[in-house]
Amino acid sequence: MRMTSIFGKTLREEPAEAETASHRLLLKSGMIRQVASGIYSYLPLAWRSLRKIENIIRQEMDAVGGQEVRMPALHPRELWDETGRAEAMGQTLFTLQDRRERPLVMAPTHEEVFTLMVKANVHSYRDLPRILYQIQTKFRDEARPRGGLLRVREFDMKDAYSFDVDAEGLARSYDAMVQVYKNIYSRCGLPAVQAEADSGAIGGKDSHEFILPAESGEDVLLLCPGCGYAANAERAESVKSVQAEEALLPMSEVHTPGVKTIDDVAAFLGVSKSNTLKAVFYACDGQVVFITIRGDLDVNEIKLKNLLHCKELRLATDGEVEGAGLVAGSASAVGLKGIRSVADDSIKLGANFVVGANRPDYHLLGANYPRDFEPDVIADIALAQEGHDCRRCGTPLEAKRGIEVGHVFKLGTFFSESLGASYLDNDGAQQPIVMGSYGIGVGRLLSAAIEQNHDQKGIVFPKAIAPYQVQLVALNVENPQVAEAAEDLYQRLEQAGLEVLYDDRSETAGVKFNDADLLGFPVRIVVSPRNLNQGSAEVKLRRESEAQLVGLEDVVGKAKELLEAD
RNA sequence: CGGGGUGUAGCGCAGUUGGUAGCGCGCUACGUUCGGGGCGUAGAGGUCGCCGGUUCGAGUCCGGCCACCCCGACCA
């Protein structure tokens with residue numbers, strides 16, 4: 001392709017809208033164009049890269065026996081009502097009506113239609129296992145699209161679904177898919193970390209996310225440098241310190257005028273925060289829930305939401321707290337009646353806690369579980385944080401922001417049971433099909449790859465996903481010798497099967513070099529009067545600063561060699 | 001949905017007390033220059049986000065709306 005022919009232009013000035021590196025570089029290089037919030041057009045360079053990513057995904061999926069299919073993006077809403085997901089997805093689901101006012105949805109994912117298709121085509125254990133996938137457009141009305149292609153409302157996604165006879169089969173499919181994902185990231189130049197993830201209210205038991213550490217990411221990853229444990233902060237567990245054993249003291253009241261927060265209580269009474277219990281009030285589908293957690297810890301709302309099985313969880317309003325007869329700032333579960341009470345298991349790790357006295361300006365000393373209070377449920381609902389110790393090896397955990405570049409779920413039988421997808425086992429008994437689901441966003445992978453691979457001057461494309469492999473730069477194209485040599489080289493490079501973008505514009509050297517650095521193809525070849533005087537051209541990798549002079553006849557070989565070694 | 005910000009040429013921006021809209025980049029033509037965004041001359045390019053109001057007159061003042069960006073909440 002010639003630079004004078006290609007559709008799309010690089011920008012000289014920084015796009016004002018873009019803050020994250022990949023967004024800025026995608027706009028500046030003229031690869032994408034925004035149409036509306038979270039909706040983008042892809043120009044030829046971006047599209048070539050996206051197709052390369054898709055093909056890598058196809059190759060890896062096919063290698064484990066995945067079969068590519070194609071599902072509709074438009075679904076009848078009743079299908080989503082049947083599994084309850086229309087309600088669960090809420091406003092994220094794009095909905096519309098057809099001319100007869102029948103409700104439809106623009107599909108955000110495809111568990112339902114895949115399950116139905118399998119229901120129609122799988123009847124026996126002999127038809128299993130299967131792994132099906134598609135690469136197709138998804139629609140999600142995200143509350144806040146951001147970061148260019150990082151979070152958008154319309155995007156191409158590879159979604160795969162596994163269908164097995166039992167949990168053991170699912171485990172095999174799941175492991176195979178995990179390996180597929182690792183291969184994909186490695187080929188795309190992404191050091192993604194496999195992390196334990198929350199599977200959501202409808203997901204099954206096991207779930208992992210693949211997270212690329214990056215400042216621009218939206219997720220928080222907790223990593224153990226000691227043993228490699230990695231988990232999304234939504235789900236991570238950590239060691240809660242254990243207080244030294246001490247004899248139980250009787251409860252006694254203490255006057256604490258104006259003291260409300262845990263910090264104030266600990267400071268006023270001269271105790272550590274882990275010697276206090278904190279009361280937090282949530283509204284779970286409108287019902288006030290009383291949470292008790294040790295003062296040094298915070299509530300993980302995802303864990304709490306999963307525990308309570310509620311659709312909507314939020315902090316209770318002041319009105320709701322008062323209405324429930326609770327005293328904010330001096331509340332505790334001691335003597336609590338008529339309100340659902342949940343506690344973090346940290347209440348067992350210590351004794352003689354300071355708690356609220358349930359009347360303003362007073363606290364209680366020497367509160368002990370279960371002598372003085374007994375919550376309805378005790379579970380791990382604490383937020384793991386940086387500096388907490390790893391559950392497995394005790395090393396302090398590190399926190400990193402990251403981009404979720406893939407998510408795998410063990411779904412179990414939720415969808416097969418709600419939609420009636422079953423098979424006959426070899427005893428002739430009906431069994432629900434056991435499912436897994438696996439997703440990768442193609443555009444997010446591209447932007448993540450750029451987040452990971454760029455420098456001050458521009459993109460440094462990993463070779464497998466670069467729109468072109470070679471940028472051929474001719475300086476002084478008006479010079480007939482340069483034009484002739486560059487044309488000849490261009491032909492020979494293409495004949496050798498290399499993908500070349502030939503910069504045949506009459507621009508100055510600075511413009512061309514800056515554009516070459518911005519676009520960031522792996523190999524740059526420079527033809528100029530200076531090089532031609534030595535019968536040579538210059539060959540250089542984008543990620544290296546030093547070029548080498550190579551005889552014109554050897555340039556094609558050198559370019560191939562560099563690409564293979566890269 | 002809460003908080004903050006921005007809408008003027010393809011991109012980046014200026015526009016004073018209200019008086020018929022400007023700069024840089026890019027684009028077109030010509031000339032010059034030629035190894036890291038060179039220079040000159042001449043051009044083309046605008047419903048000033050939208051609607052309403054005030055006024056002789058609104059990019060500018062007032063009211064309403066819309067869009068986009070950032071932080072947070074949310075995210076099967």
Side-chain angles (χ1 to χ4, degrees), chain A residues 8-20 23-24 27-30 33-40 80 83-94 105 107-112 138-148 150-153 157 159 197-204 207 209 216 218-219 232 234 301-302 305-306 311-315 404 407 409 411 414-415 418 437 439 441 444 456-458 473-479 482 503 505-518 524 526-533 537-538 540 545 547 549:
Chain A
K9 288 202 181 310
T10 58
L11 304 177
R12 294 213 181 167
E13 312 226 21
E14 299 291 329
E17 299 283 75
E19 305 229 337
T20 60
H23 188 198
R24 184 170 50 77
L27 286 171
K28 195 172 185 219
S29 59
R33 170 105 194 165
Q34 187 180 41
V35 173
S37 180
I39 303 177
Y40 286 87
W80 285 76
T83 55
R85 289 217 296 174
E87 194 184 355
M89 299 266 326
Q91 289 190 296
T92 304
L93 193 63
F94 271 112
V105 311
T109 172
H110 281 72
E111 280 80 5
E112 280 83 357
K138 308 295 182 212
F139 300 88
R140 299 182 187 183
D141 195 0
E142 297 287 351
R144 187 158 90 84
R146 59 174 293 276
L150 283 176
R151 178 168 293 274
V152 290
R153 298 193 292 169
M157 174 171 161
D159 48 322
D198 175 57
S199 52
I202 291 178
S207 175
E209 284 173 347
S216 55
E218 301 173 280
D219 289 279
N232 191 310
E234 292 176 351
E301 293 189 10
I302 305 277
K305 191 173 175 183
N306 290 341
K311 293 192 182 76
E312 189 212 32
L313 182 75
R314 56 174 170 78
L315 284 170
E404 179 192 338
H407 200 160
F409 293 88
L411 294 175
F414 177 83
F415 290 96
S418 30
S437 126
R444 185 181 283 182
Q456 287 289 337
K457 295 172 172 175
V473 176
L475 299 184
N476 298 41
V477 275
E478 295 81 1
N479 178 324
V482 169
D503 191 347
R505 299 173 299 173
S506 359
E507 291 285 357
T508 57
V511 172
K512 294 190 168 197
F513 288 148
N514 280 308
D515 274 347
D517 288 340
L518 174 63
R524 189 187 76 185
V526 178
V527 176
S528 72
R530 199 167 86 184
N531 295 338
L532 283 180
N533 282 341
E538 203 173 286
K540 164 182 155 343
S545 52
L549 268 183

Does a donor on one side chain and an acceptor on the other come within less than 3.5 Å for A:S207 and A:E209?
-> no
Results of salt bridge (Lys or Arg N to Asp or Glu O under 4.0 Å) for A:E218 - residues two or more places apart only | A:R146, A:R151
With heavy atoms under 4.0 Å as the rule, sort A:R314 into base, sugar-phosphate or nothing.
-> nothing
Within the pair A:T92 and B:C74, is there a side-chain N or O less than 4.0 Å away from OP1 or OP2?
-> no
Under the side chain to side chain donor-acceptor pair (under 3.5 Å) test, residues paired with A:D219 that sit two or more places apart | A:N232
For A:S216, all residues meeting side chain to side chain donor-acceptor pair (under 3.5 Å), sequence neighbours excluded = A:E451
With heavy atoms under 4.0 Å as the rule, sort A:E218 into base, sugar-phosphate or nothing.
-> nothing
Figure out the CG/P separation between A:L150 and B:C69, and round it to whole Å.
-> 13 Å
Interatomic distance at C1', B:A9 relative to B:G15, whole Å = 15 Å
Span that lies between the P atom of B:A58 and that of B:G26, in whole angstrom = 36 Å
Taking B:C69, B:C75, B:C11 as options, the one with an atom nearest any side-chain atom of A:E142 is B:C75
NA contact type, A:A143, heavy-atom cut-off 4.0 Å: base, sugar-phosphate, or nothing?
-> base
Report yes if a side-chain nitrogen or oxygen of A:Q34 is closer than 4.0 Å to either non-bridging phosphate oxygen (OP1 or OP2) of B:A67; otherwise report no.
-> no
Who pairs with A:E507 by side chain to side chain donor-acceptor pair (under 3.5 Å), at least two apart in sequence or on another chain?
-> none
Rounded distance in Å between the C1' positions of B:G5 and B:U47 = 25 Å
Where along nucleotides 28-42 of chain B does protein come under 4.0 Å, by heavy atom, of base (B) or sugar-phosphate alone (S), with - for untouched nucleotides?
-> ------BBBBS----
Contacts of type salt bridge (Lys or Arg N to Asp or Glu O under 4.0 Å), residue A:K28, not counting sequence neighbours = A:E14
